[in-house]
Amino acid sequence: MHEAEDHKTEDFDINSQQELEAIKNQQPLIIETAPASTRASENQQSKLVLITGAGSGIGRATAEIFARNGYRLILTGRRVERLVDLKSRFEAEFGTEILILPFDVRDPGAVEAALSKLPESFQDIDILVNNAGLAKGLAPIHEGNLEHWETMIDTNVKGLLYVTRLISPGMVRRRSGHIINVGSSAGKEAYPNGNVYCATKFAVDALTKSMRFDLHTHNIRVGQISPGHVEETEFAITRFDGDVERAKIYNDFQPLKSSDVADAIYYMATRPPHVNIQDIQLFATQQASSMVIDRSGRESS
Ligand code: NDP
Ligand code: 8X3
């Protein structure tokens, strides 16, 4: 559905011509959001967080909790208008400093162009949240759609790798950093028709473990979060290509909310430096496993 809305820069109101030009040229866009005297970046605690897929769902909720707590942010995703909206809201509510960086994680050239030209004050990324990802389709293996498969593998696995490859060297150089990958319950337990999506999230699980092997001697924390069903996201509508009826998969039980996952990510990021939470698996109370869900109605909201 939103593939069609698609990632245009022309159809929305950007603040200035300079900003529009910057986005069109794939230049980093620094949005200063409050009078200098109140800017969160001037707080001593102000760490820098890069979130992929920040324009909706879990990424947006994660951006919000970090912004509310005074962190500086680099927000990425393809739909610039979503990022611009967030920037405006965070400007008004939290007075933090934000860099908008639109790129497609599947395109290694675009990832490199965006991340290799960061302004100096946005180069030292303390926390990377590898969140951008998606499911496409829900079909048995013998009926699978090759384009869906490519999209999931390119986004969930290769995209995560491209971003990590560019950001982790700075963390190694500084002997400081934290990488949090957004996995899934689907990366712990395969389910019928989940085949390729599950495989990509199993890959995220494996990459999280191997990245930790590679980076722990450099004082870098690597962890992952593995949620079950999460509402307040575009996950289902994307999986079912905009089919609103098919995407109604949360009506008869209370799933996690995007803010529940953001809260857990924030918890991981705010432990003392000697503590690394390797994985948080979380389900809604009414969900016992990928396939075992109490669909008798919402117990709570
Ligand atoms: P959303 O669809 O709301 O968010 C996904 C985000 O990823 C979007 O903001 C999208 O932005 C971005 N994205 C997708 N493809 C690309 C791309 N090629 N390049 C850059 N950004 C991209 O769903 P969720 O918030 O649910 O998904 C976030 C993560 O959580 C995913 O990794 C998903 O697998 C995982 N997850 C979701 C669960 C759920 O039930 N919702 C449960 C467990 C894990 P844009 O389109 O603008 O690029
Ligand atoms: C999303 C959860 O169960 O739809 O990763 O795969 S599920």
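One-based numbering, in listed order, for ligands and for the atoms of each. What you see is a predicted model; the values in this text were computed from it and never measured.
The ligand atoms of ligand 1 that sit less than 4.0 angstrom from a heavy atom of Gly53 are 6 (C), 7 (O), 9 (O), 12 (C). Close approach of ligand 2 to Ala186 (heavy-atom distance below 4.0 Å) involves ligand atoms 6 (O). If you number the atoms of ligand 1 from 1 as listed, the ones under 4.0 Å from a heavy atom of Val182 come out as 29 (C), 30 (O), 35 (C). The atoms of ligand 2 that sit less than 4.0 Å from any heavy atom of Ser184 are 1 (C), 2 (C), 5 (O). Remark: ligand 2 atoms within the under-4.0 Å shell around heavy atoms of Phe235 are 1 (C), 4 (O), 5 (O). Contact atoms of ligand 1 toward Phe103: 19 (N), 20 (C) (distance under 4.0 Å to a heavy atom of the residue). The ligand atoms of ligand 1 that sit less than 4.0 angstrom from a heavy atom of Ser56 are 1 (P), 3 (O), 4 (O), 8 (C), 9 (O). Numbered from 1 in the order shown, with element, the atoms of ligand 1 that lie under 4.0 Å from a heavy atom of Gly133 read 5 (C), 7 (O), 31 (C), 32 (O). Residue-ligand proximity, Tyr197 to ligand 2, at heavy-atom distances under 4.0 Å covers atoms 1 (C), 5 (O), 6 (O). Remark: ligand 1 atoms within the under-4.0 Å shell around heavy atoms of Gly183 are 43 (C), 44 (C). Every atom of ligand 1 with a heavy atom of Gly57 under 4.0 Å away is listed here by number and element: 3 (O), 25 (O). Atoms of ligand 2 found under 4.0 Å from any heavy atom of His229, numbered from 1 in the order shown, are 3 (O), 4 (O). Residue-ligand proximity, Arg106 to ligand 1, at heavy-atom distances under 4.0 Å covers atoms 18 (N).
With Tyr197 as the aromatic partner, Arg239 meets the cation-pi criteria of under 6.0 angstrom to the ring centre and within 45 degrees of the ring axis. Both cation-pi conditions hold for Arg72 and Phe122: the charged atom is under 6.0 angstrom from the six-membered ring centre and inside a 45 degree cone around its axis. Relative to the six-membered ring of Tyr267, Arg271 meets both conditions, a distance below 6.0 Å and an angle of at most 45° to the axis.
The part of Tyr197 lying near ligand 1 is the side chain, judged by heavy-atom distances below 4.0 Å. At a heavy-atom distance under 4.0 Å, only side-chain atoms of Lys201, from C-beta outward, approach ligand 1. With a 4.0 Å heavy-atom cut-off, ligand 1 is reached by the side chain of Thr155 but not by its N, CA, C or O.
Looking at His178 and Asn276, their side chains come closer than 4.5 Å, going by heavy atoms from C-beta outward. The closest side-chain heavy-atom distance from Val204 to Lys209 is not below 4.5 Å. Taking the side chain as every heavy atom from C-beta outward, Pro227 and Phe283 never approach each other to under 4.5 Å.
Residue Gly159 places every heavy atom at 4.0 Å or more from ligand 1. In this structure, Gly228 has a heavy atom closer than 4.0 Å to ligand 1. At least one heavy atom of Arg239 sits closer than 4.0 Å to an atom of ligand 2. Residue contact annotation: His229 has a non-hydrogen atom under 4.0 Å from ligand 1.
With respect to Lys188 and Asp279, a salt bridge is recorded, a charged nitrogen being found less than 4.0 Å from a carboxylate O. Contact check on Arg174 versus Asp124 returns a salt bridge, with a Lys/Arg side-chain nitrogen under 4.0 Å from an Asp/Glu carboxylate oxygen. By the 4.0 Å N-to-carboxylate-O rule, Asp205 lies too far from Lys201 to be salt-bridged with it. Contact check on Glu231 versus Lys248 returns no salt bridge, with no Lys/Arg side-chain nitrogen under 4.0 Å from an Asp/Glu carboxylate oxygen.
Considering backbone and side-chain N/O of Val230, one or more are found under 3.5 Å from N/O of ligand 1. In terms of polar-atom proximity, Ser290 is not counted as a contact of ligand 2, lacking any N or O under 3.5 Å from an N or O of the ligand. Where the criterion is an N or O separation shorter than 3.5 Å, residue side chain and backbone included, Arg79 meets it with respect to ligand 1. On a distance-only criterion, Ala54 and ligand 1 share no N/O pair closer than 3.5 Å.
Here the shortest heavy-atom pairing between Gly144 and Trp149 reads CA-CZ2, 3.6 Å. A pairwise comparison of heavy atoms in Val182 and Val129 identifies CG2-CG1, 4.2 Å as the closest pair. Met268 and Arg221 get closest at one heavy-atom pair: O-NH1, 4.4 Å. Contact detail for Ser46 and Gly70: the closest heavy-atom pair is OG-O, 3.4 Å.
With hydrogens left out, the protein atom closest to atom 7 (S) of ligand 2 is Tyr191 OH, 3.6 Å, a heavy atom.
Across the listed options Ala284, Gly77, Ala132, Ser185, Ala132 owns the non-hydrogen atom lying nearest to atom 13 (N) of ligand 1.
Summarising the local packing, CD of Glu93 is surrounded by more than 12 heavy atoms from other residues, nucleotides or ligands at distances under 6.0 Å.
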